[in-house]
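Whatever order the structure lists ligands and atoms in, that order sets their numbers, starting from 1. Here the structure is a predicted model, which is why all the values come from computation and not from measurement.
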Amino acid sequence: MSSSLAPGLYIVAGPIGNLSDLSPRAAEILREADLIAVEDTRVSAKLLRHAGSDRPMVPYHDHSDERVRARLVERMASEAVALLSDAGTPLISDPGYKLVRDAREAGRAITTAPGPCAAIAAITLSGLPSDRFLFMGFPPSKTKARTDALNEVAALRASLIFYESGPRCAASLADMAAVLGDRPAALCREISKAYEETLSGTLTDLSAACTVKEPRGEIVIVVGPPGERAAPEADEIDAALRDALARLPVSQAAGEVSRALGLDRKTLYARAMELKGKA
Ligand code: SAM
């Protein structure tokens, strides 16, 4: 109750390697909060020392006992509770989602001190399209599950961002090349630290490089979107429409081919009517 902060939940982004990236506002919250929910008290103790904070910590994970979460949400009614991860932004491949969900359901005040996030830092470093991207978190470690997850997003016109560990990089990149095609990609490691490095190349190039020398440290892989497809020939369009018309009414057939080939639905509808002999 000693806090000069209003009661509620404060989501605090910490550095992803370079302590100087802790924002002044984040440091102030860490100094003023009544309580700081952390993943690992030993890891966070270092950051709290850097911020000049002596506030008490409590370990929190989304798989913590429900009572731990309920107690934190209860305390937010009258105290300022900060949520801090070992690195970067809480909730991003880190605990916090269930705490925020429950705090919101309970009507608690929630704010964030936004800051470093390895996924966002990597897309900015990668030189790959940043207008649309999908954060994939850590890909599954087993090949079958990883391949299935990649297949789900293979057609998306967006860059893909993955967190990965050094020993898995070569196999992951090889699966990405096999499922997504040999797209341009970037491997960003140790962002904001002394040995920060970004390797660019095709997925096959990067997989080969990681086989020769396993990358060290913390890693983000960014994969570019699929290449632009050449405009389909009239024959290809007619064949797709005929195939769809054999199974579907005209308007649905036009819709299916429009989605599959990325062409204008109205134009395809008119062509489908011609093919049906109804125009
Ligand atoms: N919450 C963090 C964030 O905002 O980025 C991510 C936490 S997740 C448990 C840890 C993973 O993030 C690492 O295994 C690595 O893939 C990525 N990561 C964290 N710090 C990094 C850094 N400095 N350079 C590259 N990747 C990093």
- Query: What do you reckon, is NZ of K193 surrounded by more than 12 foreign heavy atoms closer than 6.0 Å?
  - Reply: yes
- Starting at CD of E256, measure out to CG of D243 and round the result to the nearest 0.5 Å. 7.0 Å
- Task: Would you give the length of the straight line joining atom CD of E197 to atom CD1 of I219, rounded to the nearest 0.5 angstrom?
- Result: 9.5 Å
- Message: Yes or no: does S93 have any heavy atom under 4.0 Å from an atom of ligand 1?
- Response: yes
- Contact with ligand 1 for F138, non-hydrogen, under 4.0 angstrom: yes
What atoms of ligand 1 come within less than 4.0 Å of a heavy atom belonging to [X]?
X: T89; result: 1 (N), 3 (C), 4 (O)
X: E164; result: 16 (O)
X: A87; result: 1 (N), 2 (C)
X: K193; result: 23 (N)

Any [X] side-chain heavy atom under 4.5 Å of [Y] side chain:
X: T198; Y: L187; value: no
X: R168; Y: S141; value: yes
X: Y10; Y: V81; value: no

Do me a favour and list the nearest non-hydrogen protein atom to [atom] with residue, atom name and distance?
atom: atom 26 (N) of ligand 1; value: V220 CG2, 3.4 Å
atom: atom 5 (O) of ligand 1; value: Y163 OH, 2.6 Å
atom: atom 20 (N) of ligand 1; value: E218 OE1, 3.3 Å
atom: atom 7 (C) of ligand 1; value: D94 OD2, 3.3 Å

- Applying a 4.0 Å heavy-atom criterion (strictly less than), which segment of A118 is in contact with ligand 1: side chain, backbone, both, or neither? both
- Within the 4.0 Å heavy-atom cut-off, what I191 brings close to ligand 1 is both
- Report the member of T198, I221, I219, I16 with the shortest heavy-atom distance to atom 23 (N) of ligand 1. I16
- Evaluation steps, salt bridge (charged side-chain N to carboxylate O under 4.0 Å, His left out), between E274 and R271: CA-CA 5 Å; E274 278 173 21; R271 181 63 186 151; 2.5 Å; yes
- Message: Tell me if the centroids of the rings in Y163 and F135 come within less than 6.0 Å of each other.
- Response: yes
- Query: For C117, is at least one N or O under 3.5 Å away from an N or O on ligand 1?
  - Reply: no
- Message: If you compare all heavy atoms of A171 against all heavy atoms of R146, which two are closest, and at what distance to 0.1 Å?
- Response: CB-NH2, 3.6 Å
